[in-house]
**Student:** 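I have a structure here, written as structure tokens, and I will follow up with some questions on it.
Keep in mind that this is a model prediction, so the values were computed, not measured. Convention: sequence-line order gives letters A, B, ...; per-chain numbering from 1.
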Number of protein chains: 2
Amino acid sequence: MAQKLEWIFRKLHDREYKITPQRQVILKAIMENPSQHLSAEDIYSLVKTTNPEIGLATIYRTLDLLADLEILQKMNFNDGRSRYEFNDQDEHHHHHLICLRCGKVAEFEDDLLETLETAIAKKRGFEILDHQLKIYGHCKDCH
Amino acid sequence: MAQKLEWIFRKLHDREYKITPQRQVILKAIMENPSQHLSAEDIYSLVKTTNPEIGLATIYRTLDLLADLEILQKMNFNDGRSRYEFNDQDEHHHHHLICLRCGKVAEFEDDLLETLETAIAKKRGFEILDHQLKIYGHCKDCH
DNA sequence: GTACATGCAAATTCTTTGCAACCCA
DNA sequence: TGGGTTGCAAAGAATTTGCATGTAC
């Protein structure tokens, strides 16, 4: 984890972005809450406990930056706000099972899509960079 | 197409919703612009040419209603607004290829996901009602 | 020292809501 | 007729922006 942070700092540094305390605490907050699909507001409240003076605009600007750098992935679950999580390109992609009753979002891993992707790429001349699969339904508890 | 409209009117009627002229023109506008992934504002401008007095709030209320009835599907392409299209449950699901350069959204059909879905359903006890696959990359023209 | 970052508040944008007038069934 | 619907304007919610001040490098 410290290793991951270092890697990110280096990525920022390489592109001449400053490693500000705000950026550090925001990254730490996200890192300490894995698989939480945090919104800007979520991160704001997490970070305000240690850095009360931080502004919500800084959160938004930082999240935008990190998403541009492909460090975070910006996602949307149709609940009116964007949510963010690490974009671990080295790991397998994971997808989301969204319960329409309780709203819980679970994750699952999968490789099956890869065969599908190569087929699409060939057929449509589309260069695939990323994908997102959302499955809606009722989770075990609500079913 | 007239048949589809009739089916929708019947669905509305069955649930005691009124078939107002506004609802009719909104449905027609969406029907006459297939595969366009229209936003509320898009539909507003389409409809205003023939019904200048219509209000944007009516568009939103109608789209909400139609999405609740699963006549439309509400989708999100991270461009800051919701987009809508018919939810043709009888047809095969189609998914989206989103170009990160020009923003074009193309569709493709697929059944491969079904094997994946039954596996998930069994393993996680998750009852699947719907799914959405988005693939990001560069389209043929931008590549 | 300087250009990039931040905090604050105001502005924007999308969407929702309250309410009186309206009109489909 | 009467309750669902509409249009309008105002309210809300999420996100962005302008600008003076602050600070990483």
Side-chain angles (χ1 to χ4, degrees), chain A residues 5-6 8-27 29 37-69 71-84, chain B residues 5-6 8-27 29 37-69 71-84:
Chain A
L5 257 188
E6 264 176 41
I8 294 170
F9 287 167
R10 170 148 188 210
K11 197 160 184 176
L12 287 169
H13 192 264
D14 284 353
R15 319 224 178 166
E16 326 230 279
Y17 291 111
K18 294 177 181 164
I19 316 282
T20 66
Q22 289 89 338
R23 286 174 180 167
Q24 297 189 41
V25 289
I26 290 170
L27 276 165
H37 313 104
L38 301 169
S39 67
E41 202 80 38
D42 290 339
I43 294 166
Y44 185 47
S45 7
L46 283 171
V47 162
K48 248 202 325 203
T49 63
T50 56
N51 295 54
E53 74 298 340
I54 204 168
L56 185 51
T58 299
I59 309 285
Y60 276 107
R61 282 188 283 232
T62 301
L63 293 174
D64 267 11
L65 172 65
L66 296 174
D68 274 359
L69 294 180
I71 290 166
L72 296 182
Q73 190 173 7
K74 185 176 183 174
M75 4 199 55
N76 201 304
F77 297 129
N78 268 348
D79 63 347
R81 73 213 68 206
S82 293
R83 297 180 172 278
Y84 298 83
Chain B
L5 257 188
E6 264 176 41
I8 293 170
F9 287 167
R10 170 144 189 215
K11 197 159 184 176
L12 286 170
H13 192 263
D14 284 353
R15 320 226 176 164
E16 328 229 278
Y17 291 110
K18 295 176 181 168
I19 316 283
T20 66
Q22 291 88 338
R23 286 173 180 166
Q24 297 188 42
V25 289
I26 290 170
L27 276 165
H37 313 106
L38 301 170
S39 67
E41 202 80 38
D42 289 340
I43 295 166
Y44 185 48
S45 6
L46 283 171
V47 162
K48 248 200 328 202
T49 63
T50 56
N51 295 56
E53 75 298 338
I54 204 167
L56 185 52
T58 299
I59 309 285
Y60 276 107
R61 281 188 282 232
T62 301
L63 293 174
D64 267 9
L65 172 65
L66 296 173
D68 275 357
L69 294 179
I71 290 166
L72 295 182
Q73 191 174 4
K74 184 176 183 175
M75 4 198 54
N76 201 304
F77 297 127
N78 268 348
D79 64 347
R81 71 214 68 208
S82 293
R83 296 179 172 280
Y84 299 81

**Student:** Return the value, rounded to whole Å, for the distance between atom CG of A:Asn76 and atom P of C:dC14.
**Tutor:**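 Taking CG of A:Asn76 and P of C:dC14, I get 14 Å after rounding.
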**Student:** Considering heavy-atom distances to DNA chain C, does B:His13 or A:Tyr44 have its closest nucleotide positioned more toward the 5' end?
**Tutor:**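 So the residue in question is A:Tyr44.
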**Student:** Answer yes or no: is there a side-chain heavy-atom contact under 4.5 Å between A:Thr62 and A:Thr20?
**Tutor:**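 A side-chain contact is absent here, since even the closest heavy-atom pair is not under 4.5 Å.
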**Student:** May I ask you to test the A:Asp42-A:Arg81 pair for a side-chain heavy-atom distance under 4.5 Å?
**Tutor:**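 A side-chain contact is absent here, since even the closest heavy-atom pair is not under 4.5 Å.
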**Student:** Does a side-chain heavy-atom distance below 4.5 Å link A:Phe9 with A:Gln24?
**Tutor:**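 Answer yes - side chains close enough.
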**Student:** Can you tell me the distance, in whole Å, between the CD1 atom of B:Ile19 and the P atom of C:dC23?
**Tutor:**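 Rounded to the whole Å, the gap is 17 Å.
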**Student:** So, OP1 or OP2 of C:dG7: does either fall under 4.0 Å of a side-chain N or O from A:Thr58?
**Tutor:**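 Looking at the OP1 and OP2 atoms of C:dG7, one of them is under 4.0 Å from a side-chain N or O of A:Thr58.
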**Student:** Ignoring backbone atoms, establish whether A:Thr20 has a side-chain N or O less than 4.0 Å from OP1 or OP2 of C:dC4.
**Tutor:**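 The answer is no; no side-chain N or O of A:Thr20 sits under 4.0 Å from OP1 or OP2.
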**Student:** Of the non-hydrogen atoms in A:Val47 and A:Ile26, which two are nearest, and what is the gap between them?
**Tutor:**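 Heavy-atom minimum between the residues: CG2-CA, 4.1 Å.
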**Student:** Is any side-chain N or O of B:Tyr60 closer than 4.0 Å to OP1 or OP2 of C:dT16?
**Tutor:**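 B:Tyr60 to C:dT16 OP1/OP2: no side-chain N or O under 4.0 Å.
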**Student:** How close or far is atom P of D:dT15 from atom CG of A:Leu38, stated in whole angstroms?
**Tutor:**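 Computing the A:Leu38:CG to D:dT15:P distance gives 13 Å.
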**Student:** What is the separation between atom CG on A:Leu65 and atom P on C:dA5, rounded to the nearest whole Å?
**Tutor:**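 Interatomic distance, CG of A:Leu65 to P of C:dA5: 7 Å.
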**Student:** Tell me whether the side-chain N or O atoms of A:Arg81 pair up with the base of D:dG12 as donor and acceptor below 3.5 Å, since no angle test is needed here.
**Tutor:**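 In this structure, the two groups form no donor-acceptor pair.
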**Student:** Starting the side chain at C-beta, find the nucleotide from C:dC8, C:dC24, D:dG7 nearest to A:Ala57.
**Tutor:**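 That would be C:dC8.
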**Student:** Is the distance from OP1 or OP2 of C:dC14 to the nearest side-chain N or O of B:Ser82 less than 4.0 Å?
**Tutor:**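 Answer no for this pair, as no side-chain N or O of B:Ser82 is under 4.0 Å from OP1 or OP2.
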**Student:** Heavy atoms from C-beta onward define the side chain here; which of C:dC8, D:dT6, D:dT15 lies closest to that of B:Arg23?
**Tutor:**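 Of C:dC8, D:dT6, D:dT15, D:dT6 is nearest to the side chain of B:Arg23.
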**Student:** Calculate the interatomic distance between B:Gln24 atom CD and C:dC23 atom C1'; express it in whole Å.
**Tutor:**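 Spelled out: CD on B:Gln24 to C1' on C:dC23 is 13 Å.
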**Student:** Name the nucleic acid region contacted by A:Ser39, choosing base, sugar-phosphate or nothing; use a 4.0 angstrom heavy-atom cut-off, strictly under.
**Tutor:**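 No contact.
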**Student:** Rounded to whole angstrom units, what separation is found between the CG atom of A:Leu56 and the P atom of D:dA13?
**Tutor:**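 My rounded result for the distance is 14 Å.
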**Student:** Both A:Glu41 and A:Lys18 contact DNA chain D. Taking the nearest nucleotide for each, which residue is further toward the 5' end?
**Tutor:**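 In this pair, the answer is A:Glu41.
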**Student:** Considering only C:dG7, D:dT6, D:dT15, which nucleotide approaches the side chain of A:Glu53 most closely?
**Tutor:**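 Of the options given, the side chain of A:Glu53 lies nearest C:dG7.
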**Student:** Are A:Tyr84 and A:Leu66 close enough that some pair of their side-chain heavy atoms sits under 4.5 Å apart?
**Tutor:**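 Counting from C-beta outward, A:Tyr84 and A:Leu66 never come under 4.5 Å.
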**Student:** Roughly, in whole Å, what's the span from CZ in A:Arg83 to P in D:dA14?
**Tutor:**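 Going from A:Arg83 (CZ) to D:dA14 (P), I get 10 Å.
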**Student:** As a test of reading the structure: which of C:dC14, C:dA5, D:dT5 is closest to the side chain of B:Tyr17, going by heavy atoms?
**Tutor:**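 Between C:dC14, C:dA5, D:dT5, the one nearest the side chain of B:Tyr17 would be D:dT5.
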**Student:** Rounded to whole Å, how long is the line connecting atom CD of A:Gln22 with atom C1' of D:dT23?
**Tutor:**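 Checked: the CD to C1' distance equals 9 Å.
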**Student:** Is a donor-acceptor pair below 3.5 Å formed from side chain B:Arg61 to base D:dG4, judging by atom type as modelled?
**Tutor:**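 No, no donor-acceptor pair under 3.5 Å.
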**Student:** For A:Ile59, which of A:Ile43, A:Leu46, A:Asp64 qualifies under side-chain contact (heavy atoms from CB on, under 4.5 Å)?
**Tutor:**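 Only one option passes, and that is A:Ile43.
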**Student:** Tell me what A:Pro52 touches on the nucleic acid: a base, only sugar-phosphate, or nothing, going by heavy atoms under 4.0 Å.
**Tutor:**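 Touches nothing.
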